[in-house]
There are 2 protein chains.
Amino acid sequence: MLYAVVMSSALPPFPKPHEPFETPSLLEVGTAPGEPGLRADAARNRARLLEAAARLIAEHGVAGVTMEAVAAAADVGKGTVFRRFGDRTGLLMALLDHSARRLQADFLSGPPPLGPGAPPLERLRAFGVAVLYRTAEQLDLQLAAQPEPTRRFVHPAAGALRAHLTMLLRQTVPGGDCDLLAHTLLASLDPALIHHLTRQCEMPMERLEAAWLDLVARVTRTDPPD
Amino acid sequence: MLYAVVMSSALPPFPKPHEPFETPSLLEVGTAPGEPGLRADAARNRARLLEAAARLIAEHGVAGVTMEAVAAAADVGKGTVFRRFGDRTGLLMALLDHSARRLQADFLSGPPPLGPGAPPLERLRAFGVAVLYRTAEQLDLQLAAQPEPTRRFVHPAAGALRAHLTMLLRQTVPGGDCDLLAHTLLASLDPALIHHLTRQCEMPMERLEAAWLDLVARVTRTDPPD
DNA sequence: TGACGATCCGGACCGAAGTCCGTTTAAGTG
DNA sequence: CACTTAAACGGACTTCGGTCCGGATCGTCA
């Protein structure tokens, strides 16, 4: 169980300033490459670190995930953690990577209505609902893994979601500025917002779900379902 | 000029965990109370600190605004900075307070189409455009003043914007879930997003403006202007 | 197998945010 | 004008993220 969250990451081994955005191919998605081209000891330490981090979260919550604590728990030097994951956000992102890949696989090649086969409008609806519940499931981790504002939109995982959403919008809102609409729609599914609404305002998830469906209907100028 | 940004703040003298949200009354807005009930020395130091912070920004950019640097520049102890502003975010927010109040005054009691007098739909359009340009003007500061995710939506200034937006939506989208729609619309004006679009994607402001108008049209199910 | 170069390791080190608490001072009160 | 006390002050201290670089290790090629 601990293990499910532990293997693999799409992050580059070290943060290159402006790596060109790379959409994960269908072939890659769902595999757990474990960072090919990593030296044996490096790969071993990487796995240890992720395992240690997951254990720390289970025991002390996300706040207990200190870079030094993780290093110590993995019996590894602190520098190693940073070399492998870049920064704390990178480490937490790596923990989320497994579920991110699963979600991507689901809407890229899974069964309808999320995957291909259903009409775009229905996929759009399903997309938001899926993201919504996935985020709610891992809210604490998602929240803590939020990068600083200037990097929020350049991260590959966010980019993949946005690319897919944009694609669905192009099929649904031919006349619109789909890139910007995608940003807006994604923003309404932001972890921080979901946290605020569900935990601070105590709204039920059903209301958020309904709001997504309503928003999609308005943006696409269609009728709401049911 | 330095001075314009320096006076007053709506922040509580010290962060009370769950202060009930307080909509600023029309009478308050536009005045620069300078924290009534503050001891003379405290008020003096507060002013000094804001002045010092503004000077540091002018000289070294937002990154140069270190709590210790500000304290030193104001010839004051470090503890004083934290007691007065709570944390770094609080200090930066206080620097933005003046322009925040002006914006509020503009849409609460200024001339149409932003202020009362124009039809709600037009006020809605003007609102977004105003927020958009104000944010773009102070982008660096707005970005740096972004609080941690869990506080992003509880801050009074954000709350005031949202309250006003919600009010306009109720008059324009009677059937909708206006609270959530307000969140979504505000999210599309988020400083981090504007930064990404204008600086990292190099989109012109005109496109963002057009996207806002389009979004409003879709959400309200009306025709776009012009 | 032995040697070499690229990669990785570790932990000392640094800077900055935020805390703590003993000391000082503003501003009412008799 | 003492006197009192709540408020404010200051700066040492703690914690944590992130950097650096001398030394250890891996993998490869002769």
Side-chain angles (χ1 to χ4, degrees), chain A residues 11-17 34-49 52-53 56-57 60-94 144-151, chain B residues 11-17 34-50 52-53 56-57 60-94 144-148 150-151:
Chain A
L11 292 181
F14 212 71
K16 299 157 197 166
E35 288 274 340
L38 221 51
R39 234 171 64 171
D41 51 351
R44 175 178 49 82
N45 283 343
R46 186 191 141 81
R48 276 184 173 185
L49 284 168
L56 282 181
I57 288 184
H60 309 106
V62 187
V65 180
T66 287
M67 295 308 255
E68 251 181 89
V70 175
D75 201 41
V76 141
K78 190 178 170 183
T80 303
V81 192
F82 283 94
R83 186 170 335 93
R84 194 56 52 212
F85 299 102
D87 58 11
R88 200 180 107 105
T89 295
L91 173 60
L92 298 178
M93 290 280 202
Q146 209 73 35
E148 60 163 344
T150 47
R151 303 198 190 282
Chain B
L11 292 181
F14 211 71
K16 301 157 194 165
E35 288 274 338
L38 222 50
R39 234 170 66 172
D41 50 351
R44 174 179 49 82
N45 283 342
R46 187 189 141 82
R48 274 184 173 183
L49 284 167
L50 287 171
L56 282 182
I57 288 184
H60 309 108
V62 187
V65 180
T66 287
M67 295 307 255
E68 248 180 274
V70 175
D75 201 42
V76 141
K78 192 177 170 184
T80 303
V81 192
F82 282 94
R83 188 170 333 92
R84 194 56 52 212
F85 298 103
D87 57 11
R88 199 179 107 106
T89 295
L91 172 60
L92 298 179
M93 290 280 201
Q146 208 72 203
E148 59 164 343
T150 47
R151 301 198 191 284

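Here is how names work: the chains are called A, B, and so on, in the same order as the sequence lines, proteins then strands, and each is numbered from 1.
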Practice item. Please lay out, stage by stage, how A:Met67 and A:Val70 fare under the test side-chain contact (heavy atoms from CB on, under 4.5 Å). Key: CA-CA 5 Å; A:Met67 295 308 255; A:Val70 175; 5.6 Å; no
Point to revise | Stepwise side-chain contact (heavy atoms from CB on, under 4.5 Å) test for B:Leu50 and B:Leu91 | key: CA-CA 8 Å; B:Leu50 287 171; B:Leu91 172 60; 4.0 Å; yes
Point to revise | Test side-chain contact (heavy atoms from CB on, under 4.5 Å) applied to A:Arg46 and A:Phe85, step by step | key: CA-CA 9 Å; A:Arg46 186 191 141 81; A:Phe85 299 102; 3.3 Å; yes
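Each of B:Gly79 and B:Met67 has a nearest nucleotide on DNA chain C; the 5'-most of these lies closest to B:Met67. For the pair B:Val65 and B:Ala40, nearest-nucleotide mapping onto DNA chain C gives the more 5' position to B:Val65.
When rounded to the nearest whole Å, the span between CZ of A:Arg48 and P of C:dC8 equals 16 Å. Taking atom CZ of residue B:Phe82 and atom P of nucleotide D:dC9, one finds them 15 Å apart after rounding to whole Å. Nucleotide C:dA16 holds its P atom 9 Å from the NZ atom of B:Lys78, rounded to whole Å. When rounded to the nearest whole Å, the span between CZ of A:Arg83 and C1' of D:dC20 equals 11 Å. For the pair A:Asp87 CG and D:dT19 P, the computed distance is 8 Å after rounding to whole Å. Across the protein-nucleic acid pair, A:Arg44 atom CZ and C:dG10 atom C1' stand 13 Å apart, rounded to whole Å. Protein atom CG of A:Leu38 is 18 Å distant from nucleotide atom P of C:dA6, rounded to whole Å. The separation between A:Arg39 atom CZ and C:dG5 atom P is 15 Å, rounded to whole Å.
Scanning both residues, B:Ala74 and B:Arg48, for their nearest heavy atoms gives O-NH1, 3.4 Å.
Taking every side-chain heavy atom of B:Val76 into account, D:dG10 is the closest of C:dA27, D:dG10, D:dC26. Checked against C:dA6, D:dG17, C:dC9, the side chain of A:Asp41 finds its nearest nucleotide in C:dC9.
Contact annotation: B:Asn45 side-chain N/O to D:dA8 OP1/OP2 distance is not under 4.0 Å. The phosphate of D:dA8 has neither OP1 nor OP2 within less than 4.0 Å of any side-chain N or O from B:Arg46. When the side-chain nitrogen and oxygen atoms of A:Thr80 are compared with OP1 and OP2 of C:dC8, none of them lie within a distance under 4.0 Å.
Proximity of a side-chain donor or acceptor of B:Arg88 to a complementary backbone N or O of B:Val65 within less than 3.5 Å is detected.
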